[in-house]
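Reviewing the structure listed below.
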Amino acid sequence: MQEIISNRFVAIKDHVNGAPKDSDFEIKKEKIICVCPTMTVIVKNLYVSVDPYQINRMKSRSASQAAISFAAAISPGQAIDTYGVGRVVASGRPDLEKDDLVVGLLTWGEYTVVEEGRLLNKLDPMGLPLPYHVGPLGFSGLTAYGGFFEVCKPKKGESVFVSAASGSVGSLVGQYAKLFGCYVVGCAGSKKKVDLLKEKLGFDDAFNYKDEKDLKSALRRYFPNGIDIYFDNVGGEMLEAAVANMNTFGRVAVCGVISEYTGGGKRAAPDMLDVVYKRISIQGFLAADFLKCYADFIATTVEHLRTGKMQALCDISSDVESISSAFTGLFSGDNIGKKIVQIADA
């Protein structure tokens with residue numbers, strides 16, 4: 001007799017074109033027959049990633065949707081794919097067996113049917129907690145590592161500014177920069193986050209952007225000699241202020257523009273005369289751009305985590321029911337570090 005698995009997963013009820021609300025989501029149920037055709041794998045999801053960029057996939061239209069397959073539009077009612085760690089329930093792949101730990105593209109749900117061609121690899125935890133493989137050793141980590149070293153091309157002693165510095169990417173960028181030998185200042189949205197940046201993550205300084213009436217003046221205080229590198233996670237007025245304080249040949253790595261994702265914030269309008277005359281480089285990028293340095297990223301980051309030179313910030317909620325609130329909370333700054341939802345015990 002064939003085993004049948006009951007699965008619950010999160011879906012959007014309709015396209016989300018503004019700030020997301022819990023009411024935009026629903027939990028759907030389905031039955032999965034536990035039989036795997038060739039190269040198909042059924043995975044029990046353990047930890048899944050919750051990321052701000054997903055809002056652009058939920059919109060009725062976004063320029064990002066045509067750029068890369070990872071940003072493809074999500075249809076109402078369908079399972080939402082995400083990065084995560086799970087355990088194999090049944091496998092039609094010769095390289096994966098029942099109970100193997102795996103990492104790759106799963107879903108916001110209890111189980112995922114991973115078909116041929118979809119990213120899924122056997123996981124060696126390397127003695128580190130499983131959430132680390134969703135956070136600092138997952139796409140957030142690769143984004144931070146590749147964005148800083150490949151896009152920013154730092155030099156020792158340079159001044160680095162990181163926005164949303166207590167988030168999943170920013171918290172890692174700041175630590176990479178400090179370990180490399182840079183002067184690092186971050187901004188965040190609460191005193192608790194600012195204290196964490198300075199006391200736990202080793203930033204040279206940090207400030208609460210909500211306390212600042214004039215961001216350009218604030219950055220002049222923290223960078224009296226100018227900014228060499230700005231790692232941008234927010235866009236909007238923060239990008240304008242950073243560009244105004246950049247040094248000649250400064251580099252801006254545009255990782256995200258969360259202030260502009262929901263349509264409620266001002267779009268960035270940096271002074272292009274500064275860009276021209278200071279010869280400032282502004283480059284957007286995606287984690288997928290850095291697969292060539294994946295091995296270096298993993299080796300370096302694992303070593304830093306094991307030795308305590310880097311700290312992993314994993315903000316973990318539990319159960320499928322918490323996914324929608326975990327996601328909506330990203331846009332009000334509820335998370336500290338990488339937002340992850342634990343679906344089941346390992």
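Bear in mind the structure is a predicted one, so any value in this text is a computation, not a measurement. In this chain, numbering begins with 1 at the start of the sequence shown.
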Are Val88 and Ile42 close enough, and set up right, to give a side-chain contact (heavy atoms from CB on, under 4.5 Å), and what steps lead you there? CA-CA 6 Å; Val88 174; Ile42 299 174; over 6 Å; no
Any side-chain to backbone donor/acceptor pair from [X] onto [Y]? Under 3.5 Å, distance only.
X	Y	value
Gln342	Leu46	no
Trp108	Ser49	yes
Ser322	Asp319	yes
Arg57	Ala73	no
Glu97	Ala90	no
Lys21	Thr328	no
Arg118	Gly104	no
Lys309	Leu179	no
Asp100	Lys122	no

Could you state the interatomic distance from [atom1] ([X]) to [atom2] ([Y]), rounded to the nearest 0.5 Å?
X	Y	atom1	atom2	result
Ser318	Ile316	OG	CD1	8.0 Å
Leu197	Cys187	CG	SG	9.0 Å
Leu330	Ile258	CG	CD1	6.5 Å
Ser325	Asp22	OG	CG	5.5 Å
Tyr209	Glu237	OH	CD	11.5 Å

Asp195: which residues meet the side-chain contact (heavy atoms from CB on, under 4.5 Å) condition with it, sequence neighbours left out? Lys191, Glu199
Minimum heavy-atom separation for [X] and [Y], please, with both atom names.
X	Y	answer
Lys193	Gly333	NZ-O, 2.6 Å
Thr107	Val48	O-CG1, 3.5 Å
Ala326	Val341	CB-CG2, 4.0 Å
His133	Met126	CE1-CE, 3.8 Å
Met238	Ser163	CG-CB, 4.0 Å
Glu150	Cys293	CG-SG, 4.3 Å

Answer yes or no: is there an ion pair linking [X] with [Y], defined by an N-O contact shorter than 4.0 Å?
X	Y	result
Asp205	Arg221	no
Arg8	Glu321	yes
Lys153	Glu158	no

Kindly say whether the aromatic ring centers of Tyr53 and Phe70 come within a distance under 6.0 Å. no
Is the Phe290 to Phe285 ring centre distance short of 6.0 Å?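 Ring centres of Phe285 and Phe290 closer than 6.0 Å.
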Atom pairs and distances, side-chain donor-acceptor, residues 28-39, under 3.5 Å, sequence neighbours left out:
residue : atom : partner : partner atom : Å
Glu30   : OE2  : Asn7    : ND2          : 2.8
Lys31   : NZ   : Ser6    : OG           : 2.7

Is there a donor in the side chain of [X] and an acceptor in the side chain of [Y], or the other way round, less than 3.5 Å apart?
X	Y	answer
Gln65	Ser62	no
Asp315	Asn335	no
Asn17	Ser60	yes
Thr112	Asn45	yes
Ser171	Ser166	no
Tyr176	Thr301	yes
Lys338	Ser140	yes

So with a 6.0 Å cut-off around NZ of Lys44, is the heavy-atom count from everything else above 12? no
Taking atom CZ of Arg279 as the centre, report whether more than 12 heavy atoms of other residues, nucleotides or ligands fall under 6.0 Å from it.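 Check passes, neighbour count above 12.
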Please tell me if the side chains of [X] and [Y] come closer than 4.5 Å, counting only heavy atoms from C-beta onward.
X	Y	answer
Phe9	Ile27	no
Asp24	Asp14	no
Ile336	Leu196	yes
Tyr261	Val257	yes
Gln78	Ile12	no
Ile323	Phe25	no
Leu137	Leu128	yes
Asp232	Ile282	no

Pick one: which of Asn225, Asp274, Leu219 meets side chain to side chain contact (heavy atoms under 4.5 Å, CB included) with Asn245?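 The side chain to side chain contact (heavy atoms under 4.5 Å, CB included) with Asn245 is passed solely by Leu219 among Asn225, Asp274, Leu219.
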With sequence neighbours excluded, residues passing side-chain hydrogen bond (donor to acceptor under 3.5 Å, both in side chains) with Asp95: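 By the side-chain hydrogen bond (donor to acceptor under 3.5 Å, both in side chains) rule, Asp95 matches Arg93.
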Does one hydrophobic cluster hold both Val169 and Leu201, with members joined at side-chain heavy-atom distances below 4.5 Å? yes
Could you walk me through whether Asp345 and Arg87 pass salt bridge (charged side-chain N to carboxylate O under 4.0 Å, His left out), step by step? CA-CA 10 Å; Asp345 293 332; Arg87 193 176 290 279; over 6 Å; no
Go through the steps for Glu26 and Lys13 under the test salt bridge (charged side-chain N to carboxylate O under 4.0 Å, His left out), then give the verdict. CA-CA 6 Å; Glu26 62 181 340; Lys13 297 177 183 176; 5.8 Å; no
Plane angle bin for Phe149 and Tyr145 - parallel if under 30°, tilted between 30 and 60°, otherwise perpendicular: tilted
Please work out which of the three classes, parallel, tilted or perpendicular, describes the rings of Tyr83 and Phe139, given edges at 30° and 60°.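 Taking Tyr83 first and then Phe139, their aromatic rings sit tilted (interplane angle of 30° to 60°).
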Check against ring-ring contact (aromatic ring centres under 6.0 Å, His included), Phe148 and Phe231: CA-CA 8 Å; Phe148 182 65; Phe231 199 99; 7.4 Å; no
Validate the cation-pi geometry between Lys178 and Phe203: distance from NZ or CZ to the six-membered ring centre under 6.0 Å, angle to the ring axis within 45°.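 The answer is no, since Lys178 fails at least one limit relative to Phe203.
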Audit row: Val89, Val43, side-chain contact (heavy atoms from CB on, under 4.5 Å) steps and yes/no: CA-CA 5 Å; Val89 173; Val43 177; over 6 Å; no
Using side-chain contact (heavy atoms from CB on, under 4.5 Å), reason through Ile68 and Leu286 one step at a time and then give a plain yes or no. CA-CA 9 Å; Ile68 190 170; Leu286 299 171; 3.9 Å; yes
